[in-house]
Structure formats: structure tokens, C-alpha cells
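In what follows, a structure is listed as C-alpha cells, so that the remarks can point back to it.
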Amino acid sequence: MTTEQLVQQIRKKQSFLCIGLDTDLEKIPPHLLNSDDPIFEFNKSIIDATHHLCVAYKPNTAFYEAYGIKGWKALKKTITYLNKNYPEIFTIADAKRGDIGNTSTRYAKAFFEDLHFDSVTVAPYMGKDSVEPFLSFNDKHTILLALTSNEGAFDYQTKKTENKELYKQVLQTAMTYTNAENLMFVVGATKAEYLTEIRKIVPDNFLLVPGVGAQGGSLEEVCKYGMNKDVGLLINSSRGIIYASQEKNFDKEAAKKAKELQLQMKSALIAM
Ligand SMILES: O=C(O)c1cc(=O)[nH]c(=O)n1[C@@H]1O[C@H](COP(=O)(O)O)[C@@H](O)[C@H]1O
């Protein structure tokens with residue numbers, strides 16, 4: 001999917017919501033556990049109930065890998081279901097990969113060519129030759145970790161190297177990579193006050209912003225400091241939406257939570 005198509009979808013749906021499919025068998029409604037593939041059944045119900053309120057879904061692969069082959073099959077079924085039934089939706093494999101170039105190429109093939117995701121999250125630590133293999137795919141997006149939502153982000157990411165915080169160095173250096181136009185960046189919603197500085201370095205790139213809902217980040221603050229002329233934001237909530245209820249109507253309850261966020265996003269778009 002091109003960035004233009006993503007922006008068009010945001011304008012049409014008045015939403016820049018990304019729903020995280022962090023599906024955990026211990027948290028899904030118990031009645032689904034009797035089905036052949038509870039993970040997929042849960043995802044399918046959530047997707048069918050919420051697709052009109054969001055523009056992206058982000059399965060975090062850890063939640064699938066944890067169940068071995070069964071989990072990986074459920075991930076494949078989920079992305080295939082999304083691509084077939086809702087091709088306008090932007091899909092993110094949250095896998096946080098990155099390795100020597102030869103290995104990164106295989107990761108890129110796994111997520112872009114085998115699973116057909118539109119994007120994958122990548123860790124920047126191993127540098128240029130670990131990121132560029134992901135960037136070489138047309139109309140696919142590499143979402144590089146810049147300033148993450150967790151406490152540990154302060155261990156390295158905000159520390160100064162050559163008088164500049166590491167996350168700023170990551171943003172600046174990554175923008176010199178070949179095909180940097182295919183880059184998006186992760187910035188945690190819990191770090192909204194950093195967004196003004198971040199936008200000075202990457203005014204045009206999309207930012208994936210996790211951390212509203214369960215982690216307590218403020219959607220209003222993120223919009224205030226992070227929006228650009230094309231909106232430029234995908235705001236993710238996982239647990240805050242998908243585990244709204246454990247009852248039979250869990251999908252409708254999830255849709256209510258998604259709708260609350262979509263309405264706040266609509267207001268932010270009107271105020272733009
Ligand atoms: O790359 C991510 O998506 C990510 C980066 C980050 O800085 N913080 C963060 O929470 N995430 C992911 O975003 C999701 C957040 O989930 P909730 O806290 O349940 O909304 C999880 O899948 C996290 O792994």
C-alpha cells in the first residue's frame with residue numbers, strides 16, 4: 001500500500017486508529033476456546049466488528065510465536081483474511097526484527113512476500129545494512145523504533161551521544177538510508193512531549209504511536225505535537241480495545257472502545 005492510499009483512507013474514515021491484535025488465549029472470551037482455532041476466531045470477530053473505525057491492524061508476532069506452529073498458522077490466516085476482505089486496511093507485523101543484511105533480507109521476505117504485510121517494525125541498533133534490505137521493497141514500509149513507550153527507553157534512547165540524544169541520531173541517520181521514503185518511526189504515546197523535537201527531524205514521515213489505553217498515553221497530546229499536514233500518525237491501542245469484555249458480545253464492546261477513540265480522532269482532524 002502506498003502512503004497516499006493510507007492518507008486517503010484516514011480522511012475517508014476520519015480515523016488514524018491502529019488496533020493491536022495481541023491475542024492471548026488467557027484473555028479471550030472462554031467460549032471461544034472450544035473452537036478449532038480460537039486465536040483466529042477471536043481476531044476475525046474483532047476485525048469484522050471494528051474495520052470501519054480503524055485504518056490499520058497490528059498483530060504483535062510474539063503473541064503468535066508463543067503458541068508455536070498453531071500460533072503462526074493463526075497469524076497467517078489473520079493476515080490472509082484481512083487482505084482478502086479488507087484490502088484497504090494497512091497491516092503491520094510488529095516483529096521488531098533487524099540483523100546482518102543477509103539475514104534481514106530473509107526477515108523482509110517472510111513478512112512482505114510470504115505473509116503479505118504492508119509493513120514491519122524493525123530495531124535500528126545494527127544500523128544501515130540491517131535496515132536497508134527492508135526498505136528495498138516497493139510500497140512496503142519499515143517502521144523503525146525511535147523512542148519507545150516503555151521505561152527502559154530512558155536507558156539508551158534519550159542518552160546523549162556526540163551531544164545528541166540517541167533517538168535523534170537514529171532519526172537523522174535513518175533518513176540518509178537508501179529508500180528512506182519507505183520509513184515510518186515508532187514513538188510511544190507516553191513520550192508525547194518529545195514529539196515537537198521529533199517533528200523537526202522527520203516532518204513528513206508517518207509515526208506509529210503505541211501506548212494509549214493500557215499504558216496511559218494521551219491521544220490529545222500526541223495529536224497536538226505529532227500531527228503533520230497529512231495527519232502522519234497511526235495511533236495504536238491493543239488491550240484497551242480487544243479485551244473490553246470477556247462475554248459473548250466482546251466484539252461489540254471492543255467496537256465501542258474503538259469508536260470512542262475514533263470520535264476523538266475525528267475531532268482532532270476537524271481542528272487541524
Ligand atoms: O512497536 C510497537 O508497536 C511498540 C513500541 C513501543 O514503544 N511500545 C509498545 O507498546 N509497542 C507495542 O504496542 C502494543 C501496545 O499494546 P497495549 O499497551 O496493549 O495497547 C504492544 O504490541 C507493544 O509490543
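All ligand and atom numbering here is 1-based and tracks the order in the structure.
- Counting heavy atoms from C-beta on, the side chains of D230 and D204 never come closer than 4.5 Å.
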When you pair each N or O of ligand 1 with protein N or O atoms, which pairs come out under 3.5 Å?
{"residue": "ligand 1", "atom": "1 (O)", "partner": "K96", "partner atom": "NZ", "Å": "3.0"}
{"residue": "ligand 1", "atom": "3 (O)", "partner": "K58", "partner atom": "NZ", "Å": "3.0"}
{"residue": "ligand 1", "atom": "3 (O)", "partner": "D94", "partner atom": "OD2", "Å": "2.9"}
{"residue": "ligand 1", "atom": "7 (O)", "partner": "S149", "partner atom": "N", "Å": "2.7"}
{"residue": "ligand 1", "atom": "7 (O)", "partner": "S149", "partner atom": "OG", "Å": "3.4"}
{"residue": "ligand 1", "atom": "8 (N)", "partner": "S149", "partner atom": "OG", "Å": "2.6"}
{"residue": "ligand 1", "atom": "10 (O)", "partner": "S149", "partner atom": "OG", "Å": "3.4"}
{"residue": "ligand 1", "atom": "10 (O)", "partner": "Q215", "partner atom": "NE2", "Å": "2.8"}
{"residue": "ligand 1", "atom": "13 (O)", "partner": "K58", "partner atom": "NZ", "Å": "3.2"}
{"residue": "ligand 1", "atom": "16 (O)", "partner": "S238", "partner atom": "OG", "Å": "3.2"}
{"residue": "ligand 1", "atom": "18 (O)", "partner": "Q215", "partner atom": "NE2", "Å": "2.9"}
{"residue": "ligand 1", "atom": "18 (O)", "partner": "R239", "partner atom": "NH2", "Å": "2.8"}
{"residue": "ligand 1", "atom": "19 (O)", "partner": "R239", "partner atom": "N", "Å": "2.9"}
{"residue": "ligand 1", "atom": "19 (O)", "partner": "R239", "partner atom": "NE", "Å": "2.6"}
{"residue": "ligand 1", "atom": "20 (O)", "partner": "S238", "partner atom": "N", "Å": "2.9"}
{"residue": "ligand 1", "atom": "22 (O)", "partner": "D22", "partner atom": "OD2", "Å": "2.6"}
{"residue": "ligand 1", "atom": "22 (O)", "partner": "K58", "partner atom": "NZ", "Å": "3.2"}
{"residue": "ligand 1", "atom": "22 (O)", "partner": "N60", "partner atom": "ND2", "Å": "3.1"}
{"residue": "ligand 1", "atom": "24 (O)", "partner": "N60", "partner atom": "ND2", "Å": "3.0"}

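- Ionic pairing of R97 and E65 is present here: one or more N-O contacts between side-chain nitrogen and carboxylate oxygen are shorter than 4.0 angstrom.
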Show your reasoning for whether side-chain contact (heavy atoms from CB on, under 4.5 Å) applies to I198 and I201.
CA-CA 5 Å; I198 287 170; I201 306 170; 5.9 Å; no
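- Listed by chain and residue number, H51 satisfy the ring-ring contact (aromatic ring centres under 6.0 Å, His included) test with Y86 (two or more places apart in sequence, or in another chain).
- A search for ring-ring contact (aromatic ring centres under 6.0 Å, His included) contacts involving F137 returns F112, not counting sequence neighbours.
- Counting only residues at least two apart or on different chains, the side-chain hydrogen bond (donor to acceptor under 3.5 Å, both in side chains) pairs with a member in residues 127-140 are K128-E132, E132-T178.
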